[in-house]
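Input: a single structure, listed below in structure tokens.
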Amino acid sequence: MIDWDSLVLAPCESVFGEPATFMPAAGGSYAVAGIFDEAFMHVDVSGETPITSEMPVLGIRTSEFPVMPRQGDRILIASRARTYTVREVRPDGHGSAKLMLNEAP
């Protein structure tokens, strides 16, 4: 059996990860790390003009989180000085998850 967390995820995070602060809706805050990306995506609104939008995502190692992130939790990305709200959590079954984010008001 492959130890995904120590052999794959931790080395990737050590190279590409950045500090963040996890703020569960239940209260408290925790220093964590993750791989942040503001990927662009095409939005089809059935019009003639193509539209693009940002889809901020934080790739995480679930072992770093004291509780599994949930919709409504918040994440402060230090390098962007922005706080995001977790819109959706997409675990991958190997110890990581993608947190689909919305910029918090």
Side-chain angles (χ1 to χ4, degrees):
M1 180 174 210
I2 295 174
D3 181 357
W4 286 94
D5 190 57
S6 67
L7 296 174
V8 178
L9 304 175
C12 285
E13 186 177 274
S14 71
V15 173
F16 301 108
E18 58 185 274
T21 303
F22 173 56
M23 298 169 281
S29 64
Y30 309 93
V32 295
I35 300 172
F36 182 74
D37 186 28
E38 285 185 303
F40 284 90
M41 61 178 263
H42 175 76
V43 178
D44 184 4
V45 291
S46 299
E48 294 136 20
T49 305
I51 297 174
T52 60
S53 178
E54 288 183 354
M55 177 178 279
V57 175
L58 184 69
I60 62 160
R61 293 171 50 214
T62 57
S63 65
E64 277 206 336
F65 283 70
V67 294
M68 186 67 170
R70 298 173 55 164
Q71 185 178 29
D73 291 342
R74 295 162 48 109
I75 301 277
L76 169 66
I77 305 296
S79 66
R80 305 293 192 270
R82 287 188 186 153
T83 300
Y84 297 87
T85 302
V86 176
R87 177 173 45 91
E88 182 181 353
V89 179
R90 296 182 181 176
D92 74 353
H94 294 289
S96 70
K98 297 276 188 201
L99 303 181
M100 312 312 283
L101 307 172
N102 287 331
E103 194 166 340

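For this chain, numbers begin at 1 and follow the sequence in order. The figures here come from the full heavy-atom set of this structure, side chains too, leaving out hydrogens, waters and symmetry mates.
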On a heavy-atom basis, which atom in Ser6 and which in Pro11 lie closest, and how many Å separate them?
O-CD, 3.4 Å
Shortest non-hydrogen contact from Asp73 toward Pro24:
OD1-CA, 3.3 Å
So, the side chain of Asp3 versus the backbone of Leu7: is there a donor-acceptor pair under 3.5 Å, distance only?
no
Arg70 atom CZ, neighbour heavy-atom count above 12 within 6.0 Å
no
With rounding to the nearest 0.5 angstrom, report the CD1 to CZ distance, Ile77 to Arg82.
10.5 Å
What are the two closest non-hydrogen atoms of Arg74 and Ala104, and how far apart are they?
NH1-CB, 3.8 Å
Linking Ile, Leu, Val, Met, Phe, Trp and Tyr by side-chain heavy atoms under 4.5 Å, what else ends up with Val15?
Phe16, Ile35
For Thr85 and Leu101: C-alpha separation, side-chain torsions, deciding distance, then whether side-chain contact (heavy atoms from CB on, under 4.5 Å) applies.
CA-CA 6 Å; Thr85 302; Leu101 307 172; over 6 Å; no
Report the relative orientation of the aromatic rings in Trp4 and His94; use parallel for angles under 30°, tilted for 30 to 60°, perpendicular for over 60°.
tilted
Is there a donor in the side chain of Ser63 and an acceptor in the side chain of Asp5, or the other way round, less than 3.5 Å apart?
yes
Would you please name every residue forming a side chain to side chain contact (heavy atoms under 4.5 Å, CB included) with Thr21, sequence neighbours left out?
Met23, Ser29, Leu76
Could you tell me whether the side chain of Val89 reaches within less than 4.5 Å of the side chain of Met68, counting heavy atoms only?
yes
Heavy atoms, side chains only, cut-off 4.5 Å: are Ile60 and Leu99 in contact?
yes
Nearest 0.5 Å please: distance from the CD atom of Glu88 over to the CD atom of Gln71.
8.0 Å
Do Tyr84 and Val32 belong together in a cluster built from hydrophobic side chains that touch within less than 4.5 Å?
yes
Run the numbers on Val86 and Met100 for side-chain contact (heavy atoms from CB on, under 4.5 Å), then give the verdict.
CA-CA 6 Å; Val86 176; Met100 312 312 283; over 6 Å; no
To the nearest 0.5 Å, how far apart are CD in Glu38 and CE in Met55?
12.5 Å
Determine whether the aromatic ring centres of residues Phe65 and Phe22 are separated by less than 6.0 angstrom.
yes
Tell me, do Phe36 and Ser79 make a side-chain contact under 4.5 Å, heavy atoms counted?
no
Closer than 3.5 angstrom, by distance alone: can the side chain of Glu103 be matched with the main-chain N or O of Thr83 as a donor-acceptor pair?
no
Could you report the tightest heavy-atom contact between Ala97 and Thr62, atom names first, then the distance?
CB-CG2, 4.1 Å
All heavy atoms of Ala33 vs all of Glu13, minimum pair found to be O-OE1, 3.4 Å
